[in-house]
Student: 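Just passing along the structure, written as structure tokens.
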Amino acid sequence: MSTRPNIAIFASGNGSNMQAIMDYEHLAGEVVLLVCDQPDAYVLERAKEHNLPSFVCSPKHKANKQAYEQSIIQALQKYEVDVIVLAGYMRLIGPDLLHAYEGNIINIHPSLLPSFKGLQAIEQAVEAGVKVTGVTIHYVDEGMDTGPIIAQEAVEIEVDDTLQDVEEKIHAVEHRLYPLTINKIIQEQ
Ligand code: GAR
């Protein structure tokens, strides 16, 4: 891998994590592409503001997952992407992308995995009544929110915390921890 690898961010929604990565002044790689599966997602506006090219592709318009992922791989090759950073990308990565970028796909999840996998992890933690939840950054494998853990940070849930309070605390940790962890994995490669 080059000393300053090219990064593609995959996102489906708001894009606050992408924003935090783009705003981080000391990123050890260059963000060259946003891949988005939702044509109306707010993250596309954020990309425009940063003059970041976007590849928008909905699996609905493709024959199957393989065709969908092959079209993404072509875009990644065009931009010479080395590392894929999932930032609120709400789909499982399939075998084609996994093999093309083996060991170079990372994900962030708003819980202390392996607790509270899947959708609405923050709500799951609040509903379960746990006192501690957090953020996990991990390499991606074929499972949902599985794969070797790279970094974790705990977030305490106070008795008076609303769901919104917990979301704010989790996002603050995510926005600080993700750029730092991206740098760590790039520097170790
Ligand atoms: C983040 O909290 C991220 O951890 C979560 O989606 C949110 C995206 O927010 N990801 C998952 O739940 C993955 N299983 P953002 O669009 O504002 O970055």
Side-chain angles (χ1 to χ4, degrees), residues 7-24 27 29 31 33-50 52 54-59 65 69 72 83-94 97-98 101 104-128 130 132-157 161-182 184-185:
I7 297 171
I9 295 180
F10 284 36
S12 304
N14 176 27
S16 70
N17 278 284
M18 185 194 79
Q19 181 86 50
I21 295 164
M22 300 291 294
D23 290 345
Y24 185 65
L27 200 69
V31 181
L33 184 67
L34 167 67
V35 173
C36 180
D37 59 332
Q38 300 292 338
D40 300 325
Y42 182 62
V43 70
L44 291 165
E45 298 301 317
R46 295 186 195 261
K48 259 188 227 155
E49 278 162 28
H50 284 273
L52 175 67
S54 299
F55 179 74
V56 185
C57 183
S58 169
K65 182 142 187 152
E69 290 205 338
I72 294 176
V83 177
I84 296 175
V85 169
L86 308 184
Y89 180 68
M90 297 305 186
R91 277 179 202 283
L92 279 181
I93 299 293
L97 260 171
L98 272 178
Y101 282 88
N104 285 309
I105 310 177
I106 64 171
N107 181 42
I108 191 163
H109 185 75
S111 75
L112 291 178
L113 290 172
S115 293
F116 309 123
K117 292 176 182 158
L119 295 176
Q120 298 180 322
I122 305 174
E123 286 91 329
Q124 290 185 53
V126 170
E127 274 167 26
V130 295
V132 179
T133 183
V135 172
T136 302
I137 298 166
H138 63 97
Y139 287 107
V140 172
D141 64 11
E142 61 285 343
M144 183 179 58
D145 300 321
T146 57
I149 291 172
I150 305 164
Q152 286 186 308
E153 191 169 313
V155 169
E156 287 191 15
I157 302 180
D161 277 349
T162 62
L163 174 60
Q164 194 187 343
D165 293 333
V166 183
E167 282 172 348
E168 282 172 12
K169 287 198 260 187
I170 293 262
H171 291 314
V173 170
E174 289 189 327
H175 298 165
R176 177 173 42 75
L177 192 61
Y178 215 3
L180 294 175
T181 307
I182 292 167
K184 183 173 168 243
I185 65 141

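Computed from heavy atoms alone, side chains included, the values below leave out hydrogens, waters and symmetry copies. As the structure lists them, so they are numbered: ligands from 1, and atoms in each ligand from 1.
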Student: Using a 4.0 angstrom limit on heavy atoms, which residues are close to ligand 1?
Tutor: Asn14, Gly15, Ser16, Asn17, Gly88, Met90, Ile108, His109, Pro110, Asp145, His171, Glu174
Student: If you measure from the Lys or Arg side-chain nitrogens to the Asp or Glu carboxylate oxygens, is any gap between Glu153 and Arg176 under 4.0 Å?
Tutor: yes
Student: For Tyr24, check ring-ring contact (aromatic ring centres under 6.0 Å, His included) against everything at least two apart and list the hits.
Tutor: His26
Student: Tell me, please, which residues at least two apart from Lys48 pass salt bridge (charged side-chain N to carboxylate O under 4.0 Å, His left out).
Tutor: Glu45
Student: If you take all heavy atoms of Ile105 and Tyr101, which pair is closest and at what distance?
Tutor: CG1-O, 3.5 Å
Student: Give the minimum heavy-atom separation between Gly94 and Lys65, together with the two atoms involved.
Tutor: N-CE, 3.8 Å
Student: In residues 116-125, what donor-acceptor pairs under 3.5 Å come from side-chain atoms, sequence neighbours left out?
Tutor:
unit_1 : atom_1 : unit_2 : atom_2 : d
Gln124 : NE2    : Lys117 : O      : 2.9
Gln124 : NE2    : Leu119 : O      : 2.8

